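Letters A, B, ... mirror the listed sequences (proteins, then strands); counts begin at 1. This is a predicted model, so every value here is computed, not measured.
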Amino acid sequence: MTAQKPFYITTPIYYANAELHIGHAFTTLAADTATRYQRAMGREAWFLTGSDEHGQKVEQAARAKGITPLQHTDALVEKFKALWQRLDICYDDFIRTTEERHKKAVRHVLGQLYAKGDIYSDTYTGWYCTPCERFWTEKEVPEKLCPDCHRPVEELQEKNYFFRMSKYQQPLIDYIKAHPGFIRPENRRNEVLGFLAQPLQDLCISRPKKRLAWGIEIPFDPEYVTYVWFDALTNYISAIGYPDDMARFHRYWPASCHLVGKDILTTHAVYWSTMLFALGLPLPEMLFAHGWWVLSGGKMSKSVGNVVNPLDLVEKYGLDPFRFFLFREMVFGADAVFSEESFILRYNADLANDFGNLCQRTLPMLLKRRQGKFRRGPATLPQTAEIAALARAVKADYIAAMEGFLFHEALKRTWDLISRLNKFIDETAPWKLAKEEKWADLDEVFWTVGEGIRFCAHLVQPFMPHTAPKFLEQIGLPATFLPLPQLEWGQLPDGTVCREPSPIFPRLDTPRIESLKKGEKAEKSPKGEKTAPASTGVSPAAGQATGGAPAAPPAAGGATGEGLIDYDEFMKTHLAVAVVETAEKVAGADKLLRLTVRLGEETRQLVAGIALHYTPEQLIGKQVVIVKNLKPARIRGVESHGMILAAGTPDGGLAVVTTDRPATPGIRVK
RNA sequence: GGCAAGGUAGCUCAGUUGGUCAGAGCACACGGUUCAUACCCGUGAUGUCGAGGGUUCGACUCCCUCCCUUGCUACCA
């Protein structure tokens, strides 16, 4: 058995002069997903990310704040890491270019190439803008004025070091042509080849310290630091032990994949590749350049209020749905449009309706009819073998897609199985089988669906590492995954007992989309407007009507001014603890539940508009808080004596207010 | 400007070497169903396949022209 080389994947190291945004997050999430997939395949994986901390902008930013560059980057690195934690990024190493291990590698690389003659010094003449501290080319300053600040530039000579990149132009062209899978996607590969059709200039790789001190000193000239390319790109090898621990280095190198945004493809495809040529190191197996998320309405961001920071949706709707959306919606490699509306549409269609509801429509029936037990008998239904075959085909296609970083294809294919299972339920109509007491057929249907859920949970796991285990738990399995190569159809054990399901992907209110479309201020919550945790009242309209209320209304500043009530006024509202004794749907109303609740000795009936979010079973026995002295009302002909308190959840659902520990039924809440 | 890719149903896109290739998903309409998260299943409509011309028995699929969109065009101290 030959040990497979570990999967080594990298993100770019992000420049530590500003905070990160969706672009950085997306690259990193993609690497994370790829890493999780490789681990799911049973392959060892090493996932590197990090920070690029030298250079003029960092130096300037630090100076502006009156701190040292390192203090500045220390703070930003903390923010980087906080974001990765928030996105649950499973990186193995975080390299900082200010670390000694990195600086040492850079010096080693420079020294080696200098000795080899691939780095040389030369003196050039250019146009320098002193205030901006930068050079311009002859072409850029036809008027001899700085394009940035429009002040005069002066002609200046400066000595610098150059990397003999041109020397490796032809070898690189040959290499790319000989390795079709090296640069992906295909169109990017063509762009690089197009780029290389022009003569390649050598690369200036230094800055005199008098102009830029914040950098890694060039080993053969203490007057200079190296500039960006050799500093930053070298991280991919310095982080895995180059040059001190070559055994470790060779274990991981060449990288399986450098994942980059399309904007820095050339840097990697040309600069980095030629650097590796010069060093005599093999090139990475793959360079994947993905596209951008284009924010819808971004161009009008000032006037239109509906531009969202994509990362805000993580808190609003959950990390896993967010991740799912990113990789299902975008053709990986191409650009895609990001909008909250498309997120909600995708979420409802794929997650809530198709996958989530697959559990929700099956497990309650299984519990009711078969004590929750999946029973495996002889397969006699015609669809069973077909679905098994589909599952196998889906898995094979899924793996093929994932190996090629075609995330959207992998997910799309997985949903073929989910759709088939939904259709299967329709075809076999288990509710009819139950009525007709065809237990063997019924068991076969349940087992097949349960097995399908298990199967899909495995496939979806790299994308949704938190919710995928929930699917396993709901069907009664431990929340652990088989390595994908071992995943086969038919492994759901006979006798597995499912759990009481609760929606994993609660449906999001569509009114929210309407309000988004209209550019209404669904995101803003002007004070005075009723945004606060809307109590779900006796009125069926209450709660739902405000379903579009923001998930986390900003805790409006200090409590001053109008709208405040005193204690006595508050005490006019009599809140009390109650225990739900019975619950049932109100006939002819979708959202209403008729409840009887016990308050100490007293029992009373009330109506709550929460049927879309709670089943009667979920409520019975639950301690709730009710408004006791609300004027009785008749709703759909049912008497209601009080109302239950509930609050909106980030996903647009509803959470009933309960007590932290059992309280005395009937006792006043204050 | 140069190079490259693309313009196919309201939206996002599939469409191998020319002959059921006019499709999928979403959205929409209608029907079915009731287990389920107003869900699922089925059916349907809409398209001059960017425009014009050409090759061919026949072109979304090949050739030419035009229009439009997008990407790349590093580094140059």
Side-chain angles (χ1 to χ4, degrees), chain A residues 122-128 133-140 156-163 165-166 185-198 200-208 211-212 227-229 262-267 269-271 291-292 328-331 334-337 341-342 345-346 348-369 408 412 415-416 419 421-434 445-446 449 501-510 513 590-591 611-613 615 651-653:
Chain A
D122 201 355
T123 302
Y124 272 68
T125 304
W127 297 91
Y128 188 65
E133 298 183 357
R134 66 162 292 182
F135 273 90
W136 300 97
T137 58
E138 184 80 37
K139 273 189 213 164
E140 286 171 325
L156 215 69
Q157 277 204 337
E158 190 170 288
K159 176 186 130 179
N160 263 306
Y161 290 90
F162 292 81
F163 168 51
M165 192 157 72
S166 55
E186 180 92 21
N187 60 320
R188 297 290 163 199
R189 172 175 181 264
N190 294 337
E191 279 177 15
V192 173
L193 283 171
F195 177 89
L196 287 169
Q198 306 291 99
L200 215 48
Q201 305 291 308
D202 286 347
L203 198 59
C204 177
I205 58 147
S206 69
R207 289 290 184 277
R211 282 211 291 125
L212 174 68
Y227 177 70
V228 62
W229 316 117
K262 63 182 184 181
D263 56 326
I264 52 172
L265 174 62
T266 306
T267 308
V270 180
Y271 302 2
W292 290 139
R328 176 62 186 82
E329 188 80 1
M330 175 186 265
V331 173
D335 288 354
V337 175
E341 181 187 342
S342 56
L345 288 171
R346 179 64 78 182
N348 276 343
D350 289 355
L351 295 180
N353 296 349
D354 289 352
F355 197 17
N357 195 41
L358 185 59
C359 285
Q360 210 55 33
R361 69 185 304 203
T362 309
L363 302 184
M365 220 184 336
L366 180 64
L367 284 162
K368 191 165 147 197
R369 299 297 190 174
H408 62 292
K412 197 158 132 192
W415 256 252
D416 286 345
S419 297
L421 290 167
N422 272 316
K423 190 174 172 181
F424 174 61
I425 293 173
D426 225 62
E427 289 168 350
T428 53
W431 52 94
K432 278 186 193 162
L433 295 175
V445 171
F446 283 138
V449 174
S502 65
I504 293 175
F505 300 115
R507 190 160 222 278
L508 300 176
D509 288 342
T510 41
I513 294 176
D590 290 327
K591 297 169 185 167
L612 294 180
H613 307 281
T615 63
D651 49 43

Is the backbone N or O of Arg507(A) less than 3.5 Å from a side-chain atom of Asn348(A), with the two atoms forming a donor-acceptor pair by type? no
Using the C1' atom on both, measure G47(B) against C11(B) and round to a whole Å. 14 Å
C1' atom, G42(B) versus A51(B): distance in rounded Å? 39 Å
How is Phe505(A) classified with respect to the nucleic acid when contacts are heavy atoms under 4.0 Å: base, sugar-phosphate, or nothing? base
Residue Glu191(A), side-chain atoms from C-beta onward, closest of U34(B), U73(B), G71(B): G71(B)
Distance between C1' atoms of U46(B) and A5(B) (Å, rounded): 29 Å
What is the nucleic acid contact for Leu156(A), judged by heavy atoms within less than 4.0 Å: base, sugar-phosphate only, or nothing? base
C76(B) and C64(B): how far apart are their P atoms, nearest whole angstrom? 39 Å
In whole Å, what separates the P atom of G53(B) from that of A14(B)? 28 Å
Once you apply a heavy-atom cut-off of 4.0 Å, does Gln198(A) come out as touching a base, just sugar-phosphate, or nothing? nothing
What's Asn353(A) touching, base or sugar-phosphate or nothing? Going by heavy atoms closer than 4.0 Å. sugar-phosphate
Within the 4.5 Å heavy-atom criterion, are Pro501(A) and Leu367(A) side-chain neighbours or not? yes
Dot-bracket notation for RNA chain B, counting Watson-Crick and G-U pairs under 3.5 Å, with | for partners on another strand: (((((((..((((.........)))).(((((.......))))).....(((((.......))))))))))))....
Consider the side chain of Arg207(A), meaning its heavy atoms from C-beta on, and name the nucleotide among C35(B), C76(B), A74(B) that approaches it most closely. C76(B)
Which one, U37(B), G71(B), C35(B), comes nearest to the side chain of Arg188(A)? G71(B)
Of the nucleotides U33(B), U73(B), C39(B), which has the atom closest to the Asn357(A) side chain? C39(B)
What is the ring orientation for Trp229(A) with Tyr271(A), classed by angle as parallel under 30°, tilted 30 to 60°, or perpendicular over 60°? perpendicular
Between the protein and nucleotides 41-44 of chain B, list the N/O to N/O atom pairs that are separated by less than 3.5 angstrom.
unit_1, atom_1, unit_2, atom_2, d
C41(B), O4', Asp426(A), OD2, 3.1
G42(B), OP1, Lys423(A), NZ, 3.1

Atom pair CZ/CD1 of Phe446(A) and Ile425(A) - distance to nearest 0.5 Å: 8.5 Å
Are any non-hydrogen side-chain atoms of Phe195(A) and Leu200(A) less than 4.5 angstrom apart? yes
In whole angstrom, give me the gap between the C1' atoms of A59(B) and A22(B). 13 Å
Does a side-chain N or O of Asn187(A) approach OP1 or OP2 of C72(B) to a distance below 4.0 Å, or not? no
Residue pair Gln201(A) / Ser166(A), side-chain heavy-atom distance below 4.5 Å: no
For atom C1', what is the distance between G25(B) and G15(B), given to the nearest Å? 15 Å
Please check: side-chain N/O of Ser206(A) versus main-chain N/O of Tyr161(A), any donor-acceptor pairing under 3.5 Å? yes
State, without any angle test, whether Thr123(A) and Gln157(A) hold a side-chain donor-acceptor pair at a distance under 3.5 Å. no
Please determine if Glu191(A) and Lys262(A) form a salt bridge, counting it only when a charged side-chain N lies under 4.0 Å from a carboxylate O. no
With sugar-phosphate meaning primed atoms plus P, OP1 and OP2, does Leu200(A) contact a base, only sugar-phosphate, or nothing at under 4.0 Å between heavy atoms? base
Hey, is the main chain of Phe162(A) close enough, under 3.5 Å, to the side chain of Asp122(A) for a donor-acceptor pair? no
What contact category does Gly356(A) fall into here, base, sugar-phosphate, or nothing, at under 4.0 angstrom with non-hydrogen atoms? base
In whole Å, what separates the C1' atom of A4(B) from that of U12(B)? 23 Å
By the 4.0 Å heavy-atom rule, please label Thr125(A) as base, sugar-phosphate, or nothing. base
Determine the contact category for Tyr271(A): base if any of its heavy atoms lies under 4.0 Å from a base atom, sugar-phosphate if only primed atoms, P, OP1 or OP2 are that close, otherwise nothing. base
